[in-house]
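In each ligand, atom 1 is the first atom listed, and ligand 1 is the first ligand listed. Quick note: residue numbers are just sequence positions, from 1.
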Amino acid sequence: MSQVVLVKDIMKNQLCAMKIILKELLEEPQFAFSMKREILIHMNLNHKNVVKLYETFEDDTFLYLVLEYCNQGTLSSQKAMFVENNIFDCFHQILDGIDYLHNNNIIHRDIQPDNILIDNGVYKICDFGSAIQLNFDQLYTSEKLGSIGYVAPEMLSDQDYDHKVDVWSLGVVIYELLHQQKPQQEVQVNERLNEDLQILLYAMLTKPFQQRPSCKQVYLCKWFKKMMKQLKLFNKYEHEQLKTKHLNKQIQIKTLQNWQAMLQIMFSCFDLKQAAVSQTSSLTQSDSTTAPMIPNSIQNSTDSLHDSIPIVESPANPQM
Ligand SMILES: Nc1ncnc2c1ncn2[C@@H]1O[C@H](COP(=O)(O)OP(=O)(O)OP(=O)(O)O)[C@@H](O)[C@H]1O
């Protein structure tokens, strides 16, 4: 559906990953809908364990998403052997990213090793093509998505599900990194692994999701607290969780009216044809100081979908 190329923001002298999508594909309503939802959700996110979407723009043929570049590829491409001592670093970083999403009422719905990128040892969640932002009074949803082997059982059945589908998927990812295979139906006791870590993993892989821990509860479990203390990180994480409450408010500020106004400003500043990159070239110029916006091609093709995007509320006086 897309191609990702390495580009350089000449103004900032910064490498970026540019996702290029053929606009013809947006004629398919379902693809246009998920593309628009991906951008709407991703453009508002700001956390060190989530890949940043710097900006979006388009020309006649392509839609471009300029993303934070992660220089170590995906978690699935990592050859490192994970054991109890080094899994915590990966585990808590991905958990921090997921917890940030959940604090903002977003469910990623496709947590798996291909969707975790690594940049200088920092793990970052990417690919918001399956993500959903629930309304603030909405707890459950029912759309079926995700990747085989990582999908929570409640998503495969007919029942509604909530943010705990991401906790299940993370449980599978961590289990797989430690065992080089996915969890089996029966509980397997692993002599090499700390008992408290095994208890945590099986709790994350509890089938009835009402009994499965949330991200917040994972932080509070015995193994996590012990590892946090060992690394003298406990206070830091309490502090970071307080900060995410403020982000909750920030994420609601932007409105569709804002985007339309900003689009006009952006398009009057850009010669989009000049900004288009050739897929054979690895360098292009982009002004990453501009906030990401919803491209016209998606705006027009999915106008009827506005109501179903629960990401924003309209402030009386939108701030530019
Ligand atoms: N921000 C990034 N930094 C570095 N590499 C990236 C970045 N985004 C993507 N890539 C690389 O490009 C590859 C393709 O990315 P893409 O998002 O198209 O993944 P995909 O799983 O093939 O796509 P999709 O699931 O959306 O069809 C990834 O596997 C990864 O190696």
Side-chain angles (χ1 to χ4, degrees), residues 1-9 12-58 61-80 90 93-94 97 100-101 106-132 143-151 155 165-166 169 172-173 176-177 277-284 286 288 292 295 297-298:
M1 294 296 192
S2 65
Q3 185 158 10
V4 179
V5 294
L6 179 63
V7 297
K8 187 175 184 181
D9 182 329
K12 289 187 170 176
N13 195 24
Q14 179 188 43
L15 290 174
C16 302
M18 183 180 277
K19 197 166 178 170
I20 305 173
I21 299 128
L22 191 63
K23 273 169 59 173
E24 258 174 37
L25 296 170
L26 299 171
E27 284 161 20
E28 207 276 294
Q30 188 55 41
F31 183 68
F33 172 79
S34 58
M35 202 64 235
K36 180 176 181 181
R37 183 164 66 180
E38 173 174 353
I39 295 173
L40 279 170
I41 290 175
H42 202 170
M43 69 197 288
N44 285 299
L45 302 177
N46 184 14
H47 188 275
K48 70 177 184 344
N49 300 116
V50 173
V51 169
K52 287 191 181 51
L53 173 60
Y54 293 132
E55 69 170 312
T56 64
F57 59 91
E58 62 189 316
T61 320
F62 297 108
L63 170 64
Y64 303 89
L65 273 58
V66 186
L67 298 155
E68 176 180 14
Y69 171 61
C70 298
N71 61 11
Q72 287 173 270
T74 62
L75 181 57
S76 53
S77 66
Q78 291 298 297
K79 300 278 176 277
C90 164
Q93 289 193 45
I94 304 171
Y100 165 80
L101 298 178
I106 293 164
I107 314 177
H108 185 281
R109 302 195 292 187
D110 197 14
I111 296 291
Q112 53 124 324
D114 280 342
N115 290 336
I116 309 290
L117 289 164
I118 310 167
D119 183 46
N120 294 319
V122 180
Y123 293 80
K124 292 173 188 273
I125 298 167
C126 69
D127 196 349
F128 290 82
S130 300
I132 187 171
E143 204 182 349
K144 311 284 174 238
L145 286 161
S147 297
I148 294 167
Y150 300 93
V151 189
M155 213 200 262
V165 292
D166 290 341
S169 305
V172 178
V173 170
E176 196 178 19
L177 290 174
V277 288
S278 143
Q279 289 185 21
T280 52
S281 160
S282 65
L283 297 183
T284 193
S286 68
S288 296
S297 51
I298 307 190

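Taking 4.0 Å as the cut-off between side-chain N and carboxylate O, Arg37 and Glu143 count as a salt-bridged pair.
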Enumerate the pairs of nitrogen or oxygen atoms, one from ligand 1 and one from the protein, separated by less than 3.5 angstrom; state names and distance to 0.1 Å.
{"residue": "ligand 1", "atom": "1 (N)", "partner": "Glu68", "partner atom": "O", "Å": "2.8"}
{"residue": "ligand 1", "atom": "3 (N)", "partner": "Cys70", "partner atom": "N", "Å": "3.0"}
{"residue": "ligand 1", "atom": "17 (O)", "partner": "Lys19", "partner atom": "NZ", "Å": "3.4"}
{"residue": "ligand 1", "atom": "18 (O)", "partner": "Ser2", "partner atom": "OG", "Å": "3.4"}
{"residue": "ligand 1", "atom": "25 (O)", "partner": "Asp127", "partner atom": "OD2", "Å": "3.3"}

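Applying the side chain to side chain contact (heavy atoms under 4.5 Å, CB included) rule to Val172 yields the partners Tyr150, Trp168, Lys182, Pro183, Leu205; only residues at least two apart in sequence or on another chain are considered. Remark: Asp110 engages Asn115, Ser147 in a side chain to side chain donor-acceptor pair (under 3.5 Å) (not counting sequence neighbours). Applying the side chain to side chain donor-acceptor pair (under 3.5 Å) test to Lys52 and every residue at least two apart in sequence or in another chain returns nothing.
Gln3 contributes no side-chain N or O that, together with a main-chain N or O of Lys19, makes up a donor-acceptor pair within less than 3.5 Å. Asn49 places no side-chain N or O within 3.5 Å of a backbone atom of Lys124 that could act as its donor or acceptor partner.
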